[in-house]
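Note sheet for the following structure.
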Amino acid sequence: MINVTKTFLPPFEEYAAVLKRAWNKGWITNNGELVQELEEKLKEYLGIEYLLFCSNGTIVLQMALKALGITKEVITTPFSYVATTNVILWENCTPVFVDIEPTTFCIDANKIEASITEQTQAILATHVYGFPCNIEKIQSIASKYNLKVIYDAAHAFGSIYQNQSLLSFGDVSTCSFHATKIFHTVEGGAIICKTKELFDKLYLYRQFGHIYDDYLSVGINAKNSELHAAMGLSILPKMRDIINKRKNHFLTYSEQLKSKFSNFLQEKNFTYNYSYFPVLFKDEEQLLQVKINLEKHKIYTRRYFYPSLNRLPYLNQTNCSVSEDISSRVLCLPLFYDLSEESILFISKQILKTIQPESISN
Ligand SMILES: *Cc1c(COP(=O)(O)O)cnc(C)c1O
């Protein structure tokens, strides 16, 4: 069986050796030594000043909206994981969907201005598959209308844009370290911001809003444990190897399937983390044919992202024709560290057997 992702696990002894430090101290949560060390190493790896390691990639989005004082309309993308929309609703704000670009699948910055109202307070956009949004345009709109920018950078760990981590843009960026993501801590996430003031606020939010007996603000429990930090500390030194392996897999798929994504990836000032290999088919029927055929061989792909979030049944229905079209015919293929070249060739061959290569449009 081949799944769409497979969690990268370090050798058990390496993980155990790091974890032993927590055992020896008898301290396993509440901002322990390993959590603090992971934060320092992440800041160094990412070239970032303010970062907090938290319990997952969803709660950090909630914290971002709350810390920035967002209570009304949030312009957002319909092409993301459901968490991106749900956090807006959870915080009692209103999501306003703006359609996506057909090339990057990120929010179409040229369509944002038309959706701004008196109530708009923020833009929450996703760097889809680790590709950068139109950061310059989004920033210029945000400055013009005095909006906050939050990036859901759950996919963007290891992607480099303008010689900086893709996690370093926006007023706040968030990341997920879930076991399915390129860098993981089993469950986990991070929130990145630019000012000490915001950092202090988020620091308090993470631990119920108090420091010992001083109760200073509202808060939530977004702390993560020494067991999770130990996983991160064991994997972080291997990131170069992990990204290189994935890059090779990605290029093999590209060559076999004549994917044009690789052209896009050669864009100046961008280095991809190779976190996903999406394939855009001619239509949904063809996607389903491919998916079902691969399943016969016990190969499991994922419709990622599907459905387009503007079509969630608990929302007022709006149209986003590009996102609806893309989500109906995009499929992510298996991509993980120890996927064999033989498997990639087999998967590609099966896809080409089902369809004509011309009908892959990315
Ligand atoms: C994975 C993911 C999340 C949620 O992260 P968790 O750590 O699972 O809570 C949010 N947004 C996007 C785009 C994701 O891919």
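Atoms within a ligand are numbered from 1 in the order they appear, just like the ligands themselves. Both backbone and side-chain heavy atoms feed into the values below; hydrogens, waters and symmetry mates do not. In this chain, numbering begins with 1 at the start of the sequence shown. In this text the structure is predicted, and so the values were computed from the model without any measurement.
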Next on the checklist: Using a 4.0 Å cut-off to any heavy atom of A154, which atoms of ligand 1 qualify?
Outcome noted: 2 (C), 11 (N), 12 (C), 13 (C), 14 (C), 15 (O)

Checklist entry - When you look at NZ of K111, are more than 12 heavy atoms from neighbouring residues, nucleotides or ligands closer to it than 6.0 Å? => result yes

Checklist entry - For G57 and ligand 1, does the shortest N/O to N/O distance drop below 3.5 Å? => result yes

Checklist outcome for this item: Heavy-atom proximity to atom 13 (C) of ligand 1 ranks first, among T185, T174, D152, for D152

Next on the checklist: Determine whether a donor-acceptor pair (N or O, by modelled atom type, separation under 3.5 Å) exists between the side chain of D99 and the backbone of S323.
Outcome noted: yes

Checklist entry - Taking both backbone and side-chain atoms of Y276, is any N or O found less than 3.5 Å from an N or O belonging to ligand 1? => result no

Next on the checklist: Evaluate Q317 against R311 for side chain to side chain donor-acceptor pair (under 3.5 Å), listing each step before the verdict.
Outcome noted: CA-CA 6 Å; Q317 299 296 302; R311 291 297 175 196; 3.1 Å; yes

Checklist entry - Would you say ligand 1 has an N or O under 3.5 Å from any N or O of E187? => result no

Item to check | Residue, atom name and distance, where the atom is the protein heavy atom closest to atom 3 (C) of ligand 1 | outcome: Y81 CD2, 3.8 Å

Checklist entry - Do any nitrogen or oxygen atoms of Y304 lie less than 3.5 angstrom from nitrogen or oxygen atoms of ligand 1? => result yes

Checklist entry - What part of H155, side chain, backbone, both or neither, has a heavy atom within less than 4.0 angstrom of ligand 1? => result side chain

Next on the checklist: Does K247, at its NZ atom, have more than 12 non-hydrogen atoms belonging to other residues, nucleotides or ligands within less than 6.0 Å?
Outcome noted: no

Checklist entry - In ligand 1, which numbered atoms sit nearer than 4.0 Å to a non-hydrogen atom of S80? => result 13 (C)

Checklist entry - With L294, which of T354, I299, I2 fulfils side chain to side chain contact (heavy atoms under 4.5 Å, CB included)? => result I299

Checklist entry - Would you say ligand 1 has an N or O under 3.5 Å from any N or O of K181? => result yes

Item to check | G188 neighbourhood, listing ligand 1 atoms whose heavy-atom distance to it stays under 4.0 Å | outcome: 7 (O)

Next on the checklist: If you count heavy atoms of other groups shown closer than 6.0 angstrom to CD1 of I160, is the number above 12?
Outcome noted: yes

Checklist entry - Identify the closest protein heavy atom to atom 9 (O) of ligand 1: which residue and atom is it, and at what distance? => result T58 OG1, 2.6 Å

Item to check | CG/N269: more than 12 non-hydrogen atoms of other groups inside 6.0 Å | outcome: yes

Next on the checklist: Please determine whether side chain to side chain contact (heavy atoms under 4.5 Å, CB included) holds for the pair C193 and Y50, giving the CA-CA distance in whole Å, both sets of side-chain angles, and the decisive distance to 0.1 Å.
Outcome noted: CA-CA 6 Å; C193 67; Y50 295 113; 3.8 Å; yes

Checklist entry - Can an N or O of S176 be found at a distance shorter than 3.5 Å from an N or O of ligand 1? => result yes

Next on the checklist: One residue to check: N56. Relative to ligand 1, which of side chain, backbone, both or neither has a non-hydrogen atom less than 4.0 Å away?
Outcome noted: both

Next on the checklist: Run the salt bridge (Lys or Arg N to Asp or Glu O under 4.0 Å) test on E40 and K43 for me, step by step, so that the C-alpha distance in whole Å, both residues' side-chain angles and the decisive distance to 0.1 Å come before the verdict.
Outcome noted: CA-CA 5 Å; E40 288 312 311; K43 286 191 279 185; 3.2 Å; yes

